[in-house]
2 protein chains.
Amino acid sequence: MTDDPKSGGATDLTHENDKPRTRIQKVNRKKILDAALEVFSAQGFRGATLDQIAAEAGLSKPNVLYYFPSKEAIHAALLAGLLDIWLAPLRAMDPQGEPRDEIMSYMRRKLEMSREMPRESRLFANEVLQGAPRIGDGLSTDLKALVDDKAAVIRDWIAQGKLAPVDPHHLIFSIWALTQHYADFDVQVRAVLGPDTDPFDGAGKFLDMLFTRLLTP
Amino acid sequence: MTDDPKSGGATDLTHENDKPRTRIQKVNRKKILDAALEVFSAQGFRGATLDQIAAEAGLSKPNVLYYFPSKEAIHAALLAGLLDIWLAPLRAMDPQGEPRDEIMSYMRRKLEMSREMPRESRLFANEVLQGAPRIGDGLSTDLKALVDDKAAVIRDWIAQGKLAPVDPHHLIFSIWALTQHYADFDVQVRAVLGPDTDPFDGAGKFLDMLFTRLLTP
DNA sequence: CAACAATCTGACCGATTGGTCAGGGTCACG
DNA sequence: CGTGACCCTGACCAATCGGTCAGATTGTTG
């Protein structure tokens, strides 16, 4: 009974397939995920409602639940790829490259992500702020492994005298903190700078200078 | 009708008085605010429930609503004093003091606050992350005024050659970002560093070094 | 154009939410 | 020790929440 062998062209399996099968599925799943990113990043998981997401996506609530089995599933689908996207710039840091260039490039790419993907940044910030209840394990396994790996690389660079001696872990934290701040605290930054200043212009120059001074032996 | 002249010993005015009148009021309002800080900072405003707050405070839900008229009012009471507490260290920055000492002290005090008051930090972060809907005006008036004021002081210091030339606003942002990161993203930082390392020990040394290098002409 | 799968909807459900209320217990003070 | 203000509670309410379902509508394919 629970199994359904003759599910040849069966309906209702939508939820079990990660990859959209039809054109309409592709379009609507995209609509929903985009709407959910908007709402979750602005309200947090518990603060967001399916009605908001449905309205933002231009669909009815039952229709949203036709494509995803639950609110949790939508949130999970968003977070699923996010950690990888988020850490891609750090992964791209090349142990064979020129140390200061590599770190400066990483920092610039992270700042670029804050500018181009502020909603993703806030989604992630909301999750971590509230104790990372739905991503938790990924932090102490994948994330920790990657950071430890790159920290070792940085330590080597320092040992070779190519970099000023700094704690590699806290160096990475400082890049996260300084770049993500401009996405996560956007309203505060803009409130202080006033409406006619682009935060990212000044941030780019300032962070270039800061890390140049920090890393030069 | 709306006015009530003969409110001699009337009950039910509890909500309109900011100052607790009796011993029990003082104790229970404190309990509620402390519980609310715990819950709001961990779940955000919409994610928190009155039942959670009541349970955390060891009171019944109707009893909580005996001391505060609504969930909003509890949240507002928490935020009311928070901005002032939060900015006190910046206010304490003395234009007459030694520039680098003043800024280093400010940074250290902010880091200390992240260590000692992480819940307040996260409450504030939640509010700003979600667009500061209930504090909004305070940012573009009080906060902006204070920051602009101190930025002018820093600009003077730089003009006198006592400080390396840096954008004062972004310097202040960098202090906020770097210190608050350790409170707001605590779980992430601890996940990366592992369970046996105190994030704040390393942070203290790292930030001292960073800002020394940044500010020395 | 039939016929079946895929898509969509209004109506509805139980659980949880913030908040109310009538009344009972407790405290302080004359 | 009584009396009135203060404190507290169980029971309850309307609104909103995430989610279900039967069936109408649309798309696709032979």
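Lettering of chains follows the sequences in order, A, B, ..., and the numbering in each one begins at 1. All values below come from the heavy atoms of this structure, side chains included, with hydrogens, waters and symmetry mates left out.
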Please confirm whether any donor atom in the side chain of K71(B) sits under 3.5 Å from an acceptor in the base of dG19(C), or the reverse. no
Taking only the side-chain nitrogens and oxygens of N63(A), find out if one of them lies under 4.0 Å from OP1 or OP2 of dT9(C). yes
Can you tell me which nucleotide in dC6(D), dC17(D), dC8(D) comes closest to the side chain of N28(B)? dC8(D)
Among dG19(C), dC8(C), dG18(D), which nucleotide has an atom closest to any side-chain atom of Y67(A)? dC8(C)
R46(B) or R23(B): which one's nearest nucleotide on DNA chain D is closer to the 5' end? R23(B)
With respect to the phosphate group of dT9(D), does any side-chain polar atom (N or O) of S60(B) fall under 4.0 Å of OP1 or OP2? yes
Please examine the side chains of L79(B) and L123(B), heavy atoms only from C-beta on, and report whether any two atoms are closer than 4.5 Å. yes
Out of dC7(D), dT20(D), dT17(C), which has the shortest distance to the side chain of D51(B)? dT17(C)
Quick check for you: among dA11(C), dG19(D), dC7(D), whose closest atom lies nearest to any side-chain atom of P62(A)? dA11(C)
Of the listed nucleotides dT7(C), dC7(D), dG18(D), the one nearest the side chain of Y66(B): dC7(D)
With respect to the phosphate group of dC7(D), does any side-chain polar atom (N or O) of T22(B) fall under 4.0 Å of OP1 or OP2? yes
Between P of dC27(C) and CD of Q25(B), the distance in whole Å: 15 Å
Base, sugar-phosphate or nothing for A73(B)? Non-hydrogen atoms, less than 4.0 Å. nothing
Atom-to-atom span, NZ of K61(B) to P of dT17(C) - whole angstrom: 8 Å
Is there side-chain contact between R46(A) and T49(B), with at least one heavy-atom pair below 4.5 Å? yes
Could you tell me if the side chain of H169(B) sits less than 4.5 Å from the side chain of V189(A), heavy atoms only? no
If you only use heavy atoms from C-beta on, which nucleotide in dG19(D), dG18(C), dG27(D) is closest to the side chain of L50(B)? dG18(C)
Between P on dC29(C) and CD1 on I24(B), what's the gap in Å once rounded to a whole number? 12 Å
Could you check whether A54(A) gets within reach of a base, just the sugar-phosphate, or nothing at all, counting any heavy atom under 4.0 Å? nothing
